[in-house]
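In this text the structure is predicted, and so the values were computed from the model without any measurement.
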Amino acid sequence: MKRSPIKKVIILVSILAIPGFLFFYLLPHFAKNRYKSLPIFGEKIVASTYHSIKGKKIPDTIYHLVPDFKLINQHKDTVNWKSLENKIVVLNIFYTGANNQGTSSYIKKLADGYEQKPLVKFLSLSVDPLDGSRIKDFAEQFKAKAGKWDFLVGDTIQTYPLIRKGLLLDVVADETKEKTNFIFSNKIVLIDNLHRIRGIYDADSAEANARLEDEIKVLIAEYLRNVKDGR
């Protein structure tokens with residue numbers, strides 16, 4: 001028995017329509033999971049509170065946060081988490097007397113690339129408290145844009161605990177010689193808008209720098225998705 005032409009047409013249309021239907025049905029699901037979430041660095045503590053996902057109670061997690069700070073930038077303005085509210089921060093440590101300023105040159109390249117993207121800010125934190133009188137000229141040397149790339153300085157009583165305990169990096173001031181030598185982790189730290197560390201990168205590694213550039217974009221996508229979802 002032969003099928004009627006009308007039935008053949010209906011079957012053909014149905015076959016062709018199913019892939020399109022599945023595409024549009026599943027697109028939001030795949031779009032939401034397009035980017036693998038970045039890790040969160042530092043100590044994690046399981047809280048006594050819970051949240052629910054599909055009716056299942058999940059324990060909340062307390063993550064390591066970079067603590068608040070109050071430092072002065074090259075324009076003598078105070079910079080803290082309040083002035084960086086809801087910003088993604090790319091941070092490195094430096095001092096103006098270092099022989100190699102390759103990391104600062106790289107940060108300039110990054111900052112220039114994000115000049116028109118106010119969500120991302122760049123901070124360079126000095127390990128030398130005497131840089132207070134030098135960072136203005138140093139910033140001008142790199143043509144740092146006001147409000148996009150801040151060079152910060154403060155007393156070591158504040159900056160060293162921030163670096164060691166907050167940013168999870170190392171710093172030592174070697175004062176055994178006539179001129180103080182600063183030994184520190186030449187790393188770049190990626191911090192999200194909730195002040196959590198989402199990446200630590202070796203500034204001397206081209207591979208790590210490429211990963212940083214990719215992961216800044218991932219963090220931007222995560223932030224925008226959370227805003228859209230009301231989180």
Side-chain angles (χ1 to χ4, degrees), residues 40-43 63-84 87-111 121-192 195-209 211-212:
I40 299 174
F41 287 67
E43 184 181 9
Y63 294 101
H64 171 80
L65 301 179
V66 178
D68 199 5
F69 52 87
K70 188 177 181 181
L71 299 170
I72 302 300
N73 70 4
Q74 66 268 34
H75 307 294
K76 302 297 182 183
D77 297 324
T78 298
V79 177
N80 52 27
W81 281 134
K82 179 65 177 176
S83 63
L84 295 165
K87 302 300 180 185
I88 291 170
V89 172
V90 178
L91 184 150
N92 74 294
I93 52 179
F94 81 108
Y95 71 105
T96 61
N99 293 326
N100 186 344
Q101 298 294 350
T103 302
S104 294
S105 297
Y106 175 62
I107 294 295
K108 173 179 169 51
K109 172 190 167 186
L110 282 180
K121 300 288 186 181
F122 295 83
L123 301 179
S124 292
L125 172 59
S126 176
V127 298
D128 185 353
L130 298 181
D131 271 346
S133 60
R134 306 168 186 150
I135 56 171
K136 186 176 186 295
D137 290 340
F138 192 79
E140 290 176 352
Q141 175 185 332
F142 286 95
K143 296 180 172 60
K145 301 289 192 303
K148 173 55 65 176
W149 182 13
D150 283 325
F151 291 82
L152 306 179
V153 67
D155 193 282
T156 56
I157 294 175
Q158 180 182 185
T159 57
Y160 281 23
L162 173 63
I163 291 169
R164 292 169 179 152
K165 296 180 181 180
L167 299 171
L168 309 179
L169 302 179
D170 295 321
V171 59
V172 174
D174 180 6
E175 299 176 335
T176 58
K177 299 179 181 179
E178 182 178 345
K179 183 180 178 181
T180 303
N181 183 41
F182 299 94
I183 304 167
F184 55 90
S185 306
N186 191 23
K187 307 284 187 182
I188 302 173
V189 182
L190 179 60
I191 306 170
D192 67 19
H195 314 152
R196 303 173 302 183
I197 297 174
R198 306 301 296 275
I200 299 177
Y201 313 85
D202 184 351
D204 295 320
S205 166
E207 181 181 351
N209 290 343
R211 184 163 55 87
L212 166 63

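Between Phe94 and Phe151, the ring-plane angle classifies as perpendicular under the 30° and 60° cut-offs.
Listed for the Asn100 side chain is a donor-acceptor partner under 3.5 Å among the backbone atoms of Gly102. Side-chain N or O atoms of Gln158 include one that pairs as donor or acceptor with a backbone N or O of Lys70 at under 3.5 Å. Not a single donor-acceptor pair under 3.5 Å links the side chain of Lys148 to the backbone N or O of Phe122. In this structure a side-chain-to-backbone donor-acceptor pair under 3.5 Å is present from Lys108 to Phe142.
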Worksheet entry | Tyr63 and Asp192: CA distance, side-chain angles, deciding distance, side-chain contact (heavy atoms from CB on, under 4.5 Å) verdict | CA-CA 12 Å; Tyr63 294 101; Asp192 67 19; over 6 Å; no

Worksheet item: After noting the C-alpha distance and the side-chain angles of Leu152 and Leu91, does the key distance pass the side-chain contact (heavy atoms from CB on, under 4.5 Å) rule?
Response: CA-CA 10 Å; Leu152 306 179; Leu91 184 150; 5.7 Å; no

Fill in: Chi angles and distances behind the side-chain contact (heavy atoms from CB on, under 4.5 Å) call for Thr78, Ile72
CA-CA 5 Å; Thr78 298; Ile72 302 300; 3.8 Å; yes

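Note: Tyr201 OH to Thr103 OG1 = 15.0 Å, rounded to the nearest 0.5 Å. Within the model, atoms NE2 of His64 and CD1 of Ile197 stand 4.5 Å from one another, a figure rounded to the nearest 0.5 Å. With values rounded to the nearest 0.5 angstrom, Tyr106 atom OH is found 12.0 Å from Asp204 atom CG. One finds the CG atom of Asn209 at 8.0 Å from the NZ atom of Lys109 (value rounded to the nearest 0.5 Å).
For Tyr160, there are no side chain to side chain donor-acceptor pair (under 3.5 Å) partners at least two apart in sequence or on another chain. Here Asp131 pairs with Thr96, Ser126, Arg134 under the side chain to side chain donor-acceptor pair (under 3.5 Å) rule; sequence neighbours left out.
Inter-residue side-chain proximity for Trp81 and Val89 is flagged as met; some heavy-atom pair is nearer than 4.5 Å. When side chains are defined from C-beta on, Val66 does not count as touching Val189, because their heavy atoms never get closer than 4.5 Å. Side-chain contact between Asn80 and Leu71: absent, with no pair of heavy atoms (C-beta onward) separated by less than 4.5 Å. Within the 4.5 Å cutoff, the side chain of Asn181 has heavy atoms near those of the Tyr95 side chain. Using a 4.5 Å heavy-atom cutoff, the side chains of Ile191 and Arg198 are not in contact. You'll find the side chain of Thr180 stays beyond 4.5 Å of the side chain of Leu130, heavy atoms only. Residues Leu125 and Thr159 form a side-chain contact, since some pair of their non-hydrogen atoms from C-beta on lies under 4.5 Å apart. Inter-residue side-chain proximity for Lys187 and Asp202 is flagged as met; some heavy-atom pair is nearer than 4.5 Å.
Residues His75 and Ala146 come closest through the heavy atom pair NE2-CB, 3.7 Å. When every heavy atom of Val153 is checked against every heavy atom of Pro129, the shortest pair comes out as CG2-O, 3.9 Å. Closest heavy-atom contact between Gln74 and Ala144: NE2-CB, 4.2 Å. Here the closest heavy-atom approach between residue Ser124 and residue Asn92 is recorded as OG-OD1, 2.6 Å. When all heavy atoms are compared, the tightest approach of Val127 to Phe182 is O-CE2, 3.4 Å. For the residue pair Ile135 and Gly132, the shortest heavy atom distance occurs at CG1-O, 4.1 Å.
Within 6.0 Å of CD on Glu43 lie no more than 12 heavy atoms contributed by other residues, nucleotides or ligands. Open room surrounds NZ on Lys136; 12 or fewer heavy atoms of other groups in view lie less than 6.0 Å from it.
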Identify each donor-acceptor pair in which a side-chain atom of residues 161-170 lies under 3.5 Å from a protein atom, sequence neighbours left out, and give them as a table.
residue, atom, partner, partner atom, Å
Arg164, NE, Val171, O, 3.2
Arg164, NH2, Val171, O, 2.7

